[in-house]
Amino acid sequence: MDSDFASGEDTAFVYDEISNIIKEAIEATIGGNSYQHNKVNQWTSNVVEQCLNQLTKLGKPFKYIVNCVIMQKNGAGLNMSNSCYWDNQTDGSCTVRWENKTMYCIVSIFGLAI
């Protein structure tokens, strides 16, 4: 019985674990930088790649989808919505909003069990 619990833990989408991966990727990529339009494409690519690398290292049986949005803080509005049709018992999602004085970074990760 204990081995069943352990295997379930090993194959679960753990929100806190994924949230930490996102935060670490954002901090490593953007850190204390100010918004720079010419670096946004590089930053978003780096955040997504770092997240995927760390997710792959977890060795869990998931397919992952990673989205990253970086937006300058200038008073404009931004509304985002996600919807999924999946198995709530095995699949999961995690969204983290990070900000500093000049920008917002929003990263969403979807994990789909295989």
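For clarity, every value in this text was computed on a predicted model and none was experimentally measured.
- Put simply, CG on N82 and OG on S93 are 7.0 Å apart, with the number rounded to the nearest 0.5 Å.
- Taking every heavy atom of both residues into account, A28 and Q50 meet most closely at CB-OE1, 3.6 Å.
- The shortest distance between side-chain heavy atoms of Y35 and M71 does not fall below 4.5 Å.
- Side-chain contact between V47 and V107 is present, with heavy atoms from C-beta onward closer than 4.5 Å.
- A 4.5 Å side-chain heavy-atom check between T90 and L112 finds every atom pair outside the cut-off.
- Under the 6.0 Å distance and 45° angle rule, K73 counts as a cation-pi partner of Y104.
- Grouping the Ile, Leu, Val, Met, Phe, Trp and Tyr side chains by contacts below 4.5 angstrom, directly or via other members, places V69 apart from I21.
- Going from atom NZ of K39 over to atom CE of M103 covers 10.0 Å, rounded to the nearest 0.5 Å.
- Taken to the nearest 0.5 Å, the OG atom of S34 stands 10.0 Å off from the CD atom of Q72.
- Side-chain N or O atoms of K60 include one that pairs as donor or acceptor with a backbone N or O of A12 at under 3.5 Å.
- Among the candidates I109, V66, L55, the single residue satisfying the side chain to side chain contact (heavy atoms under 4.5 Å, CB included) test with I22 is I109.
- For the pair I30/W98, a side-chain contact is recorded, criterion being any heavy-atom separation below 4.5 Å from C-beta on.
- L58 is listed as a side-chain neighbour of E17, based on a closest heavy-atom distance under 4.5 Å.
- Using a 4.5 Å heavy-atom cutoff, the side chains of Y64 and C51 are not in contact.
- Residue I106 is not grouped with residue V40 when hydrophobic side chains (ILVMFWY) are merged at heavy-atom distances under 4.5 angstrom, including chains of intermediate members.
- The closest donor-acceptor contact from the side chain of T44 to the backbone of N41 lies under 3.5 Å.
- Hydrophobic clustering, with ILVMFWY side chains joined whenever heavy atoms are under 4.5 angstrom apart, groups V96 together with I18.
- Between the side chain of N46 and the backbone N or O of T29 there is no donor-acceptor pair closer than 3.5 Å.
- For the residue pair D91 and A113, the shortest heavy atom distance occurs at OD1-N, 2.8 Å.
- Distance check: Q36 CD to T102 OG1 gives 8.5 Å after rounding to the nearest 0.5 Å.
- By the 4.5 Å heavy-atom criterion applied to side chains, I26 and W43 are not counted as neighbours.
- Rounding to the nearest 0.5 Å places CG of L78 at 10.0 Å from CZ of R97.
- Counted within 6.0 Å of CG on N79, heavy atoms from surrounding residues, nucleotides or ligands total 12 or fewer; the atom is thus considered open.
- Heavy atoms only, all atoms of each residue included: F13 and F110 are closest at CE1-C, 4.4 Å.
- In this structure, C94 and S108 have side chains that are not in contact, with every pair of non-hydrogen atoms separated by 4.5 Å or more.
- Rounding to the nearest 0.5 Å gives a distance of 10.0 Å between CD of E27 and SG of C105.
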